[in-house]
Amino acid sequence: MDAAGQNFMDERWSRYLSAGRQEEAAGIRQERHRQLFLGAEALLNRSLEAAGAPVELPAAYTRNRHGKPYLTAAEGLYVNWSHSGTRAVCALSDREVGIDLQDTCREPGEALIRRVLQPEERDFYERTPTDRRKKLFYEYWTVKESVLKAFGTGFCTSLERFYVRMDRTYPEVISSGALPSYTCRLLDAGEGYAAAVCVEGVHPGMDAQIPVKYL
């Protein structure tokens, strides 16, 4: 969802926003950031509505100690969301799921590249034509963050515990076996953005195109 120009405090959005989210938003000074913060929860609830999920809107959720949200009244339904720039994305799944979105306007610095990419990834990155490296970096970034979000720990789990192969049809997460396995897909988030979604479990037959609904 593109939140640019939206006013999520308008009455038409009220059924999609919790009182807690609105209270938190009140403390955000920049209007653009405040609207995007509200828009992410609005997208979650509109997605639940579109999927026919058996939950009362706005859906109640709790967070684990690392901040990952879990619905309180929909056992077996997992959610995750992300926002960046002016856009928000949301994922619903019947298993642990993580999704990440990044605005790609900034050129990544060398220090960030070295911090994010593991040796195996760095080798592939440096063999990639220069004009494609920025896009590739953000693809790595979104896959890695979606894995960590699916795992439920965020960056409390070291990036050194796994790496991502990008030389296959789809991103492939390689770990030592200490982490669960994931199936990941890059998503088309529009010009200037990169996005990825990862679900727990290895699913070789998973459809090439994950259905994405833009609201």
Side-chain angles (χ1 to χ4, degrees), residues 1-6 8 13 16-17 21 24-25 28 30-48 50-51 59 61 63 66-71 78-93 95-108 112-113 115-117 121 132-155 157 159 162 164 166 170-171 173 182-200 206 208-215:
M1 178 176 70
D2 194 338
Q6 294 283 1
F8 291 101
W13 293 103
Y16 300 115
L17 293 171
R21 191 78 169 185
E24 287 186 69
I28 300 176
Q30 291 192 23
E31 179 66 14
R32 178 175 66 85
H33 293 161
R34 181 166 57 251
Q35 293 298 334
L36 188 59
F37 180 79
L38 291 169
E41 188 178 82
L43 178 61
L44 164 68
N45 284 290
R46 289 193 65 180
S47 300
L48 290 167
Y61 56 88
R63 294 181 182 272
H66 299 293
K68 183 175 181 179
Y70 288 91
L71 298 176
Y78 298 88
V79 300
N80 204 239
W81 60 87
S82 179
H83 54 79
S84 182
T86 65
R87 298 183 184 180
V89 292
C90 177
L92 311 180
S93 177
R95 64 198 72 209
E96 291 283 6
V97 63
I99 193 167
D100 188 57
L101 172 75
Q102 294 291 328
D103 182 331
T104 63
C105 64
R106 292 186 179 181
E107 193 73 37
L112 180 61
I113 292 169
R115 181 165 66 87
V116 171
L117 300 186
E121 299 161 338
R132 293 174 51 197
R133 290 183 184 178
K134 178 181 174 182
K135 178 182 178 183
L136 177 62
F137 172 81
Y138 281 105
E139 288 176 344
Y140 272 124
W141 179 276
T142 54
V143 170
K144 285 167 172 280
E145 188 154 346
S146 64
V147 168
L148 295 177
K149 292 172 76 173
F151 191 46
T153 62
F155 285 100
T157 294
L159 290 175
F162 67 94
V164 179
M166 288 291 198
Y170 307 113
V173 179
Y182 297 93
T183 295
C184 301
R185 294 289 184 269
L186 295 169
L187 303 175
D188 181 5
E191 185 68 27
Y193 290 86
V197 62
C198 290
V199 294
E200 187 176 3
M206 191 174 179
Q209 297 298 323
I210 295 176
V212 180
K213 185 176 181 64
Y214 293 94
L215 301 175

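Note that the coordinates shown come from a computational prediction; the quantities given were computed from them, not determined experimentally.
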**OP:** Apply side-chain contact (heavy atoms from CB on, under 4.5 Å) to the pair Tyr193 and Val89, showing each step before the final yes or no.
**Re:** CA-CA 11 Å; Tyr193 290 86; Val89 292; over 6 Å; no
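- Partners of Glu107 according to the salt bridge (charged side-chain N to carboxylate O under 4.0 Å, His left out) rule, which considers only residues two or more places apart in sequence or in another chain, do not exist here.
- In this structure, the side chain of Asp103 does not engage the main chain of Ser84 through any donor-acceptor pair within 3.5 Å.
- Between Ala150 and Tyr182, the closest heavy-atom pair is CB-CE2, 3.6 Å.
- Across all their heavy atoms, Pro69 and Tyr61 have their closest contact at CB-CD1, 4.0 Å.
- Counting heavy atoms from C-beta outward, Trp141 and Asp100 have side chains that approach closer than 4.5 Å.
- Atoms OH and CZ, on Tyr170 and Arg185 in that order, are 5.0 Å from each other to the nearest 0.5 Å.
- Nearest heavy-atom pair, Met1 versus Gly39, reported as atom, atom and distance to 0.1 Å: CE-O, 3.1 Å.
- Taking NE2 of His83 as the start and SG of Cys90 as the end, the distance is 11.5 Å to the nearest 0.5 Å.
- Glu121 meets the salt bridge (charged side-chain N to carboxylate O under 4.0 Å, His left out) test with Lys144; sequence neighbours excluded.
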Subject >> side-chain contact (heavy atoms from CB on, under 4.5 Å) evaluation trace for Val164 with Val147 >> reply: CA-CA 10 Å; Val164 179; Val147 168; 5.7 Å; no
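- Residues passing the ring-ring contact (aromatic ring centres under 6.0 Å, His included) test with Tyr140, sequence neighbours excluded: none.
- Shown here are the side-chain contact (heavy atoms from CB on, under 4.5 Å) partners of Ala4, two or more places apart in sequence or in another chain: Asp2, Thr86.
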Original post:
Given the rule in the side-chain contact (heavy atoms from CB on, under 4.5 Å) test, do Arg46 and Trp13 qualify, once you have shown the distances and angles that lead to the verdict?
Top reply: CA-CA 10 Å; Arg46 289 193 65 180; Trp13 293 103; 3.4 Å; yes
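- Qualifying ring-ring contact (aromatic ring centres under 6.0 Å, His included) partners for Phe137, counting only residues two or more places apart in sequence or in other chains: none.
- By the side chain to side chain donor-acceptor pair (under 3.5 Å) test, Thr153 pairs with Thr157, sequence neighbours left out.
- The environment of CZ in Arg63 is crowded: more than 12 heavy-atom neighbours from other residues, nucleotides or ligands sit within 6.0 Å.
- Applying the side chain to side chain donor-acceptor pair (under 3.5 Å) test to Tyr16 and every residue at least two apart in sequence or in another chain returns Glu49.
- With hydrogens and angles disregarded, a donor-acceptor distance shorter than 3.5 Å links the side chain of Ser82 to the backbone of Leu101.
- To the nearest 0.5 Å, atoms CZ (Phe37) and CD1 (Ile28) are separated by 5.0 Å.
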Original post:
Do Leu159 and Leu148 pass the side-chain contact (heavy atoms from CB on, under 4.5 Å) test, and can you show the C-alpha distance, the side-chain angles, and the key distance before you say yes or no?
Top reply: CA-CA 9 Å; Leu159 290 175; Leu148 295 177; 3.8 Å; yes
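- Checked against side chain to side chain donor-acceptor pair (under 3.5 Å), Gln6 has the following partners two or more places apart in sequence or in another chain: Arg12.
- With sequence neighbours excluded, no residue forms a salt bridge (charged side-chain N to carboxylate O under 4.0 Å, His left out) with Lys149.
- Pairs engaging residues 132-142 under the salt bridge (charged side-chain N to carboxylate O under 4.0 Å, His left out) rule: none recorded [sequence neighbours left out].
- Remark: the backbone N or O of Leu38 is not paired with any side-chain donor or acceptor of Arg21 at under 3.5 angstrom.
- In this structure Glu96 satisfies the salt bridge (charged side-chain N to carboxylate O under 4.0 Å, His left out) test together with Lys68, sequence neighbours excluded.
- The CZ atom of Arg87 sits 11.5 Å away from atom CG of Leu36, with the distance rounded to the nearest 0.5 Å.
- In this structure a side-chain-to-backbone donor-acceptor pair under 3.5 Å is missing from Arg32 to Ala3.
- Note that the SG atom of Cys198 and the CG atom of Asn80 stand 10.5 Å from one another [nearest 0.5 Å].
- With sequence neighbours excluded, the residues forming a side-chain contact (heavy atoms from CB on, under 4.5 Å) with Ala59 are Asn45, Leu48, Val55, Leu71, listed by chain and number.
- With a 4.5 Å cut-off on side-chain heavy atoms, Thr142 and Ser146 do not count as touching.
- Residues Leu92 and Ser47 come closest through the heavy atom pair CD1-O, 3.6 Å.
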